[in-house]
Protein chains: 2
Amino acid sequence: MKPDRAERSADAIRELIVTGRLTPGQRLSEQSVSESLDVSRNTLREAFRILVHEGLLVRRPNAGVAVATPTLADIVDIYRVRRLIEVPVLAAGDPAHPGARAMRDAVDAALAARLGGDWRDIAAANMRFHSGIVALAGSPRLDRVHANLSAELRLSFGLLGENGAFFDGFVDRNAGLLRRFLAGDADGAAADLDRYLEDSERMLQAIVDDAGAGDAADTVSQ
Amino acid sequence: MKPDRAERSADAIRELIVTGRLTPGQRLSEQSVSESLDVSRNTLREAFRILVHEGLLVRRPNAGVAVATPTLADIVDIYRVRRLIEVPVLAAGDPAHPGARAMRDAVDAALAARLGGDWRDIAAANMRFHSGIVALAGSPRLDRVHANLSAELRLSFGLLGENGAFFDGFVDRNAGLLRRFLAGDADGAAADLDRYLEDSERMLQAIVDDAGAGDAADTVSQ
DNA sequence: CGATCCTGACTGTTGAACAATCCGGGCTCC
DNA sequence: GGAGCCCGGATTGTTCAACAGTCAGGATCG
C-alpha cells in the first residue's frame, strides 16, 4: 500500500518516460531530479538502479544516467519476444479467465478513445488489451516481463511524434480478434494476433526508420 | 569491464544465493553484509535493489531483505515460462547458430561432470545447455529473462539438499535432444524438450513437496 | 588557428546522523 | 504461574555532508 520512496520515485520517473515527457537520450542529473522529486541523492540512486535494470535508463560510467534511446534492433527484439509470449498464451487461453474481461474493457476503452481523438489514450488502451492477453496465462513472471516490454515500447513510441494515427487501424482488429476468441476460436484469434504483431512491427519499423535516419544512437540493451 | 561497486556486490550476493551458501528465508543485515563485502551501506542498498528486482531477495518493510523462499507455485510458474520460451525457440532454431555450439559444450561438460560426481557441476552444465537453447533466438531480452529464471531456479535447487542425483537422468536426454537438433530435426527436438521440461517440473515438485511439507512460506513473487 | 591546461561540475562512494519501527526481555498484574 | 504490557536496544529508511576521480568545455598560450 505504501511502497518506499525509492520505488515511488522510480514509478514517477517511469511515468515521465513512457508518457514522453522525458525524451530518449536525455540526461538525468542526480541533483536536479532529486530536488524536483524531493528525495535525497542516495534514494534517487536506488530508483535509478531499478530503471536501469528495466532498460528504461542507461548508465554511462562517470556520466550518470540517461533515458534509453531504443534502436531499430530493440524494437524488433521487443516485438519478437511479444509474439513469442502472446500468441501461444492466447491460443491456450480460456475465455472465462479474468484476463478476457480486461481485454474486453480495453477494447471498449479504445473505441471510446478513438472518438475522443487523443491517440495516447488509444495507445494506452491497446497496451491494456495486450496485458489482458498475457494475464490469461496467470503467470506473475510473464506479467512482469510483459509489463517491462510495454514500458520499453511506450518509450519507443515517443519517437512517433504525431504519427500516432498509427493505432487507429488496430482498434478494429483488436475487436475482431477478441470476438473470435470469446466465441471459442482461440487458435484463429492467435493467428490473427500473430499477423497483428507482424504488421505492427513493420509499421513501427518504417516510422522509426525514416524518423531517426542518420541517428546511430546507443542501444537500449545493457 | 569494471562494473560499479553496487553491481559487483549484487553479483557476489547472487553467487552466494544460487550456490546455496545463503539459504531461503535467511535475513541479510545491511550492516553485517556491507562489512563483509567492504562497501558502504548506501552502496549495498543499491545492490539489494537489483536483487529484489530480480526476485532473489524479498523486501519486508522495516525488516530489511531476506533470501526469497520459492513456493511450489513459483516453481510451477518458472517452468511454465521456460517451456513457453525454450520450446518454440528450439523449434525455430538454426543448428549453425553459436548457441548450438554452447549446447554442445554444455553436454560435454555435463558428461564429464557426471564422472566427477559433483551434482552441482551437472546442474550448472545443464543450465548452460538451456541458456544455449535460448541463445538460438538471438534476443538479448530473452537471454536476460532466461538468465533470471535460471537464477531463481538455482535458488529453488537449494531446497534439494542432496537429492541432486535428480539430474543424472537428464544428461542423456540432453545429449539425445541435441543430436536430433543438430541432425536437422528441430521439431522433434522441441517435442523432446517439451517432455523434458514437463518431467523436470514434476520431479522438482515432488521433491519440494515432501521436503517442505508444512512450510507455508511467503511467495517469491512480489 | 590549434593544442594544452585549467577550472568547474558531476558522478561514485563513503561515513555519520536521526526518526521510525520492530523485536525480545523483563516487569506487572491477575 | 501465566498473560499482558512496556521499555530499551537494534535495525531499517532516509537524509546530509564530504571527497576523490573523471569528464566537458572554456581560457590560455604558442
Side-chain angles (χ1 to χ4, degrees), chain A residues 1-14 16-17 22-69 215-220 222, chain B residues 1-14 16-17 22-69 216-218 220 222:
Chain A
M1 185 85 65
K2 192 184 132 298
D4 41 306
R5 269 179 114 128
E7 206 159 337
R8 260 183 300 167
S9 300
D11 290 343
I13 299 171
R14 183 174 23 238
L16 291 179
I17 292 177
L22 290 177
T23 60
Q26 185 169 348
R27 201 157 144 248
L28 299 187
S29 145
E30 294 185 353
Q31 183 175 337
S32 61
V33 177
S34 69
E35 281 173 11
S36 87
L37 289 182
D38 195 42
V39 294
S40 78
R41 250 183 85 211
N42 294 81
T43 300
L44 182 66
R45 280 174 68 79
E46 294 186 31
F48 280 173
R49 284 285 168 196
I50 297 174
L51 295 167
V52 167
H53 197 265
E54 288 177 359
L56 293 180
L57 295 181
V58 287
R59 156 164 267 117
R60 285 182 278 177
N62 293 314
V65 304
V67 180
T69 66
D215 181 85
D218 305 325
T219 176
V220 72
Q222 235 60 332
Chain B
M1 186 76 71
K2 191 183 136 301
D4 42 306
R5 274 181 110 136
E7 206 158 335
R8 259 183 301 167
S9 300
D11 291 344
I13 299 171
R14 189 184 304 111
L16 290 178
I17 292 178
L22 290 176
T23 62
Q26 183 169 347
R27 199 157 145 254
L28 299 187
S29 146
E30 294 185 352
Q31 182 175 338
S32 61
V33 176
S34 69
E35 280 172 11
S36 87
L37 289 182
D38 195 42
V39 295
S40 79
R41 216 158 66 87
N42 284 323
T43 300
L44 181 66
R45 278 169 74 62
E46 293 187 31
F48 280 174
R49 285 284 168 195
I50 297 174
L51 295 167
V52 167
H53 196 266
E54 289 178 357
L56 293 180
L57 295 181
V58 287
R59 155 166 266 116
R60 284 181 281 176
N62 294 312
V65 302
V67 180
T69 67
D218 306 325
V220 72
Q222 235 55 335

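Chain identifiers are assigned alphabetically (A, B, ...) following the order of the sequence lines, protein sequences preceding nucleic acid strands; residue numbering begins at 1 within each chain. Just so it is clear, the structure is predicted and the values come from calculations on it, not from any experiment.
Shown here are the side chain to side chain donor-acceptor pair (under 3.5 Å) partners of A/Thr43, two or more places apart in sequence or in another chain: A/Ser40. Residues passing the side-chain contact (heavy atoms from CB on, under 4.5 Å) test with B/Ser29 are B/Gln31, B/Ser32, sequence neighbours excluded.
Residue B/Ala66 comes nearest to B/Gly25 through the heavy atom pair CB-O, 3.9 Å, listed as atom of the first residue, atom of the second, then distance. For the pair B/Val39 and B/Ser9, the tightest heavy-atom approach, listed with the atom from each and the gap, is CG1-OG, 3.6 Å.
One distance of note links CG of A/Asn42 with CZ of A/Arg5; it measures 13.0 Å at 0.5 Å rounding.
When side chains are defined from C-beta on, A/Ile13 counts as touching A/Leu37, because their heavy atoms get closer than 4.5 Å.
Protein chain A touches strand DNA chain C; the 5'-most and 3'-most nucleotides with an atom under 4.0 angstrom of its non-hydrogen atoms are C/dC10 to C/dT14.
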Treating primed atoms plus P, OP1 and OP2 as sugar-phosphate and everything else as base, which nucleotides of nucleotides 12-23 of chain D get B, S or - for protein heavy atoms under 4.0 Å? BBBBBBB---S-
List the atom pairs, donor and acceptor, that lie under 3.5 Å between side-chain atoms in residues 44-58 of chain B and the rest of the protein, sequence neighbours left out.
residue: B/Arg45; atom: NE; partner: A/Glu46; partner atom: OE2; Å: 3.2
residue: B/Arg45; atom: NH1; partner: B/Glu30; partner atom: OE2; Å: 2.8
residue: B/Glu46; atom: OE1; partner: A/Arg49; partner atom: NE; Å: 2.7
residue: B/Glu46; atom: OE1; partner: A/Arg49; partner atom: NH2; Å: 2.9
residue: B/Glu46; atom: OE2; partner: A/Arg45; partner atom: NE; Å: 3.0
residue: B/Arg49; atom: NE; partner: A/Glu46; partner atom: OE1; Å: 2.6
residue: B/Arg49; atom: NH1; partner: A/Asp4; partner atom: OD2; Å: 2.7
residue: B/Arg49; atom: NH2; partner: A/Asp4; partner atom: OD2; Å: 2.4
residue: B/Arg49; atom: NH2; partner: A/Glu46; partner atom: OE1; Å: 2.9
residue: B/His53; atom: ND1; partner: A/His53; partner atom: ND1; Å: 2.8
residue: B/His53; atom: NE2; partner: A/Glu54; partner atom: OE2; Å: 3.2
residue: B/Glu54; atom: OE1; partner: B/Arg14; partner atom: NE; Å: 3.0
residue: B/Glu54; atom: OE1; partner: B/Arg14; partner atom: NH2; Å: 3.3
residue: B/Glu54; atom: OE2; partner: A/His53; partner atom: NE2; Å: 3.2
residue: B/Glu54; atom: OE2; partner: B/Arg14; partner atom: NH2; Å: 3.0

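In DNA chain D, stems built from 3 or more consecutive Watson-Crick or G-U wobble pairs, each with both distances under 3.5 Å, span C:1-30 with D:1-30.
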Chi angles and distances behind the side chain to side chain contact (heavy atoms under 4.5 Å, CB included) call for A/Gln26, A/Ile17: CA-CA 10 Å; A/Gln26 185 169 348; A/Ile17 292 177; over 6 Å; no
